[in-house]
Amino acid sequence: MKTRHLWLEAAVVFFAITSANCLRGVSLEVVPEVVQRGQEAILRCHYDLENAPLYSLKWYRGRHEFYRFSPSEDPPTKTFNISGIYVDPDNSNKSQVTLRKVDFGLSGTFSCEVTADAPTFSTASVSKNLTVVSLPGGRPVIISERERYDPGDTLRANCSLPSSKPPVHLSFTLNNMPVEATARQQRTRDEDGAQWGEISLSLQPFHYANGQLNLRCTAQIPGIYSTMSELQLGAGMREPVPERVTSENGSDLHTMTFVTILCLGMLHLLLR
Ligand SMILES: *[C@@H]1O[C@H](CO)[C@@H](O)[C@H](O)[C@H]1NC(C)=O
Ligand SMILES: *[C@@H]1O[C@H](CO)[C@@H](O)[C@H](O)[C@H]1NC(C)=O
Ligand SMILES: *[C@@H]1O[C@H](CO)[C@@H](O)[C@H](O)[C@H]1NC(C)=O
Ligand SMILES: *[C@@H]1O[C@H](CO)[C@@H](O)[C@H](O)[C@H]1NC(C)=O
Ligand SMILES: *[C@@H]1O[C@H](CO)[C@@H](O)[C@H](O)[C@H]1NC(C)=O
């Protein structure tokens, strides 16, 4: 009696496992998950039917179906007219769909729904988000009021970056120490809501370790984008220091001459 009961249980468990098994490992890959506006995004639906035939693969943006692949139909692919979605038919098939010319409106949740053929018709669905952005082309531009500062001076500088959506967060560091911006401006540049950003810095009086000031401005969209620019500023000392060895004419000639003399001197010592 007891054994029979166990057999029954085992059969139920076995059936549950096998029926669940015929559709497994369903996952959605969005390449890239963050895409520049106007570019293309590829959505790949991975699934393992364990030799069962595919009945259909349906693609959704939110709750709207926009593409379907069903091998038993003729033609096997069907594209639904959803505004803003441009499916590239040549690069879409039973495992992926390619979206061309993506725009901001497409940011959101995409899903693929896999259905196995008879007899199970088991269905599984997975979702992932796509984010359409417009990232600024260049790097932040730092403008300092002066090229060098003396003790007690007020350091004034701005950092700005062209339009982006979502807007970037700008921040300053001075010799690797974070410094608070004294003003922030965000301006909407176009009808899509892309924003131009600028921060200002005013430090008075500021401290520095030695004759070098490294002002860095970092632009970030958390998890998506990060870029920075640096500006080397001279800081007042009693003796003027050559700021750049690489610059052309003028005072750097002294440095060059000095180095040359030093080298010749060492060569002389070595040859003796
Ligand atoms: C898709 O729908 C838009 C309006 O929503 C319409 O203007 C367009 O002609 C339709 N395209 C096709 C191929 O049906
Ligand atoms: C689907 O199309 C892409 C691009 O054309 C191709 O790389 C991929 O191998 C195709 N997959 C299948 C299962 O046909
Ligand atoms: C996906 O986007 C929706 C809104 O569009 C948001 O509510 C959800 O948290 C996002 N999911 C992930 C995993 O980012
Ligand atoms: C920084 O920006 C503000 C406001 O746009 C402007 O008044 C100021 O002159 C700028 N400072 C520098 C150093 O460019
Ligand atoms: C260096 O010298 C050249 C020609 O002698 C001149 O054209 C150039 O402007 C000078 N550059 C600087 C930074 O003084």
Side-chain angles (χ1 to χ4, degrees), residues 25-35 40-49 51 53-54 56-57 59-64 67-71 75-77 79 82 84-100 102-112 114 125-133 140-149 153-162 165-166 170-172 174 179-189 193 195-204 206 213 215 217 221-224 229 231 233-234:
V26 182
S27 66
L28 178 56
E29 188 188 2
V30 177
V31 187
E33 286 182 26
V34 177
V35 60
E40 66 172 42
I42 300 171
L43 313 174
R44 289 197 189 104
C45 195
H46 301 284
Y47 52 89
D48 182 358
L49 292 169
N51 301 322
L54 174 71
S56 70
L57 178 63
W59 291 93
Y60 296 87
R61 160 67 181 85
R63 282 167 32 236
H64 302 283
Y67 189 75
R68 185 187 297 179
F69 183 88
S70 22
T77 60
T79 306
I82 304 288
I85 298 189
Y86 307 106
V87 172
D88 178 357
D90 297 334
N91 289 301
S92 302
N93 50 35
K94 65 173 181 178
S95 60
Q96 70 171 46
V97 54
T98 301
L99 305 176
R100 286 166 40 225
V102 297
D103 211 337
F104 297 132
L106 282 198
S107 286
T109 310
F110 282 79
S111 326
C112 70
V114 192
S125 169
V126 275
S127 304
K128 212 151 211 191
N129 281 359
L130 175 77
T131 307
V132 182
V133 298
V141 175
I142 307 175
I143 294 174
S144 166
E145 193 179 56
R146 285 155 61 178
E147 270 179 43
R148 54 184 296 120
Y149 291 91
D153 283 353
T154 300
L155 188 159
R156 288 196 188 86
N158 289 340
C159 173
S160 64
L161 195 66
K165 184 176 177 170
L170 294 165
S171 58
F172 276 122
L174 188 61
V179 283
E180 273 303 313
T182 42
R184 287 182 184 280
Q185 297 178 44
Q186 298 270 351
R187 268 186 242 148
T188 302
R189 268 292 167 87
Q195 286 188 328
W196 167 91
E198 181 179 77
I199 56 172
S200 305
L201 186 64
S202 176
L203 284 179
Q204 186 193 28
F206 67 91
L213 284 176
L215 184 61
C217 178
I221 301 173
I224 294 180
S229 291
L231 189 63
L233 299 167

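Positions are given from 1 along the sequence. For ligands, and for the atoms within them, numbers begin at 1 and follow the listed sequence.
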Asker: Students should be able to answer this: which protein heavy-atom is nearest to atom 4 (C) of ligand 4, and at what distance?
Answerer: Q185 NE2, 3.6 Å
Asker: Under 4.0 Å from atom 7 (O) of ligand 4, is there at least one protein heavy atom?
Answerer: no
Asker: Give me the one residue out of S95, P71, S70, C112 that meets side-chain contact (heavy atoms from CB on, under 4.5 Å) with L57.
Answerer: C112
Asker: Quick one: are P89 and T79 in side-chain contact, heavy atoms under 4.5 Å?
Answerer: no
Asker: Could you check which of T109, L130, N129 puts a non-hydrogen atom nearest to atom 13 (C) of ligand 3?
Answerer: N129
Asker: If you have a sec, work out which protein heavy atom is nearest atom 5 (O) of ligand 3 and how many Å separate them, to one decimal?
Answerer: G108 CA, 4.1 Å
Asker: Check each atom of ligand 2 against the heavy atoms of N93 and keep those under 4.0 Å away; list them by number with element.
Answerer: 1 (C), 2 (O), 3 (C), 8 (C), 10 (C), 11 (N), 12 (C), 14 (O)
Asker: Show your working on side-chain hydrogen bond (donor to acceptor under 3.5 Å, both in side chains) between Y60 and S125 and close with a plain yes or no.
Answerer: CA-CA 10 Å; Y60 296 87; S125 169; over 6 Å; no
Asker: Compare I199, L155, N158 and give the one whose heavy atom is closest to atom 12 (C) of ligand 4.
Answerer: N158
Asker: Find all atoms of ligand 2 within a distance of less than 4.0 Å from any non-hydrogen atom belonging to K94, and give their numbers and elements.
Answerer: 13 (C)
Asker: Distance check, rounded to the nearest 0.5 Å: C45 atom SG versus K128 atom NZ?
Answerer: 11.0 Å
Asker: Report the distance from atom SG of C217 to atom CD1 of I199, rounding to the nearest 0.5 Å.
Answerer: 4.5 Å
Asker: Check for a donor-acceptor pair, side chain of D153 on one end and backbone N or O of L155 on the other, with a separation under 3.5 Å.
Answerer: no
Asker: Please answer whether the main-chain N or O of S107 pairs with a side-chain N or O of R61 as donor and acceptor at a distance below 3.5 Å.
Answerer: yes
Asker: Would you say atom 2 (O) of ligand 2 makes contact with the protein, given that contact here means a non-hydrogen protein atom less than 4.0 Å away?
Answerer: yes
Asker: What atoms in ligand 2 come closer than 4.0 Å to a heavy atom of S95?
Answerer: 11 (N), 13 (C)
